[in-house]
Amino acid sequence: GQQVMQIPQYQHVQEGEDFTTYCNSSTTLSNIQWYKQRPGGHPVFLIQLVKSGEVKKQKRLTFQFGEAKKNSSLHITATQTTDVGTYFCAATNFGNEKLTFGTGTRLTIIP
Amino acid sequence: DGGITQSPKYLFRKEGQNVTLSCEQNLNHDAMYWYRQDPGQGLRLIYYSQIVNDFQKGDIAEGYSVSREKKESFPLTVTSAQKNPTAFYLCASSLRTGGSTDTQYFGPGTRLTVL
């Protein structure tokens with residue numbers, strides 16, 4: 001089945017530093033979604049990207065979809081303690097209705 | 001108050017026993033899903049259902065069974081055939097599947113431990 005690789009697996013940053021997680025696929029994706037899971041919680045939808053080269057922003061979060069629609073990134077500017085959690089990308093490719101989740105990047109903030 | 005509920009939050013079972021996890025949604029969503037999450041891993045799809053009385057196997061369906069007799073309910077049975085059932089189980093729903101995938105809304109999860 002489709003595989004979605006996500007790196008890094010873990011990231012520890014000082015509060016105020018930036019953070020980026022990357023999602024890569026060997027196949028072209030029809031769209032990609034990003035979810036955040038707080039410690040002990042459940043995944044919560046953040047955003048969906050559909051168009052090649054698309055960039056969307058939510059306050060300090062910037063989401064990008066690659067030109068070839070095979071990769072995506074999530075960048076957080078000036079991290080805060082509330083950003084702690086695991087960030088997952090989830091993708092579908094053409095002809096496949098199921099979401100495939102990446103392995104996630106667990107973000108820890110050092111105060 | 002709309003949403004997805006899962007019960008129980010924590011569940012313990014003895015090896016060799018079947019156990020059923022509940023998932024209910026009042027969002028009027030057509031599609032429902034069951035995922036399994038293990039430490040350090042992403043979510044893996046067990047089963048999904050796009051419509052009442054129909055469901056499909058996901059990537060790791062062996063040892064699990066589901067039913068979809070009502071739109072609101074999608075219970076998951078973990079059978080004794082599942083070799084390593086201890087995990088965090090998440091149920092999700094979405095308005096529909098196909099084409100542009102819709103947002104999935106997750107329940108709070110059930111943490112199953114096999115003793």
Side-chain angles (χ1 to χ4, degrees), chain A residues 1-11 21-25 29-51 54 56 58 63 65 69 72 85-108, chain B residues 2-7 9-10 21 23-25 27 29-51 54-62 87-111:
Chain A
Q2 173 182 279
Q3 288 193 339
V4 177
M5 307 301 296
Q6 195 172 346
I7 57 171
Q9 188 174 3
Y10 301 96
Q11 187 78 57
T21 174
Y22 302 89
C23 191
N24 297 288
S25 171
L29 305 170
S30 59
N31 63 64
I32 196 158
Q33 299 180 8
W34 285 91
Y35 290 78
K36 176 184 178 181
Q37 184 176 22
R38 293 182 184 274
H42 58 274
V44 175
F45 174 78
L46 293 176
I47 209 158
Q48 176 168 270
L49 305 171
V50 179
K51 300 177 183 176
E54 189 170 13
K56 287 188 177 180
Q58 289 181 350
F63 304 84
F65 202 6
K69 299 185 76 173
S72 180
T86 302
Y87 293 85
F88 292 98
C89 62
T92 59
N93 57 8
F94 296 100
N96 186 341
E97 300 166 346
K98 298 181 297 182
L99 267 181
T100 299
F101 280 80
T103 50
T105 296
R106 184 174 176 180
L107 173 62
T108 305
Chain B
I4 303 177
T5 57
Q6 290 184 245
S7 61
K9 188 172 182 179
Y10 299 96
L21 281 57
C23 179
E24 303 278 333
Q25 55 98 0
L27 300 168
H29 284 172
D30 297 305
M32 297 186 74
Y33 312 81
W34 273 106
Y35 292 92
R36 170 183 171 136
Q37 186 174 32
D38 294 284
Q41 296 194 35
L43 281 67
R44 292 184 290 168
L45 183 64
I46 305 172
Y47 269 98
Y48 67 105
S49 169
Q50 298 171 294
I51 195 169
D54 185 50
F55 48 83
Q56 286 80 40
K57 292 182 179 180
D59 300 317
I60 54 165
E62 186 175 352
F88 188 44
Y89 290 88
L90 287 157
C91 179
S93 71
S94 66
L95 192 58
R96 67 180 189 276
T97 59
S100 177
T101 302
D102 292 288
T103 302
Q104 292 194 10
Y105 295 84
F106 285 84
T110 292
R111 198 167 295 277

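All chains are named by letter (A, B, ...) in the order of the sequence lines, taking the proteins before the strands, and each is independently numbered beginning at 1.
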Chain B contact via A:Q37 - which portion, at a heavy-atom distance below 4.5 Å: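 For A:Q37, the side chain is the part near chain B, not the backbone.
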Contacting moiety of B:L43, where chain A heavy atoms sit under 4.5 Å: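 Interface part for B:L43: both.
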Side chain, backbone, both or neither of B:Q56 within contact of chain A (heavy atoms, under 4.5 Å):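 Contact with chain A: none, neither part.
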Heavy-atom check, side chain of A:F45 versus side chain of B:Y105, under 4.5 Å: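 A side-chain contact under 4.5 Å is absent here.
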Max heavy-atom pair count under 4.5 Å with chain A, selected residue of B:G109, B:A92, B:P108: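 Looking at each option in turn, the highest pair count goes to B:P108.
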Is there a donor-acceptor contact under 3.5 Å linking the side chains of [X] and [Y]?
X: A:T103; Y: A:Q9; result: no
X: A:S72; Y: A:W34; result: yes
X: B:Y35; Y: B:Q104; result: yes

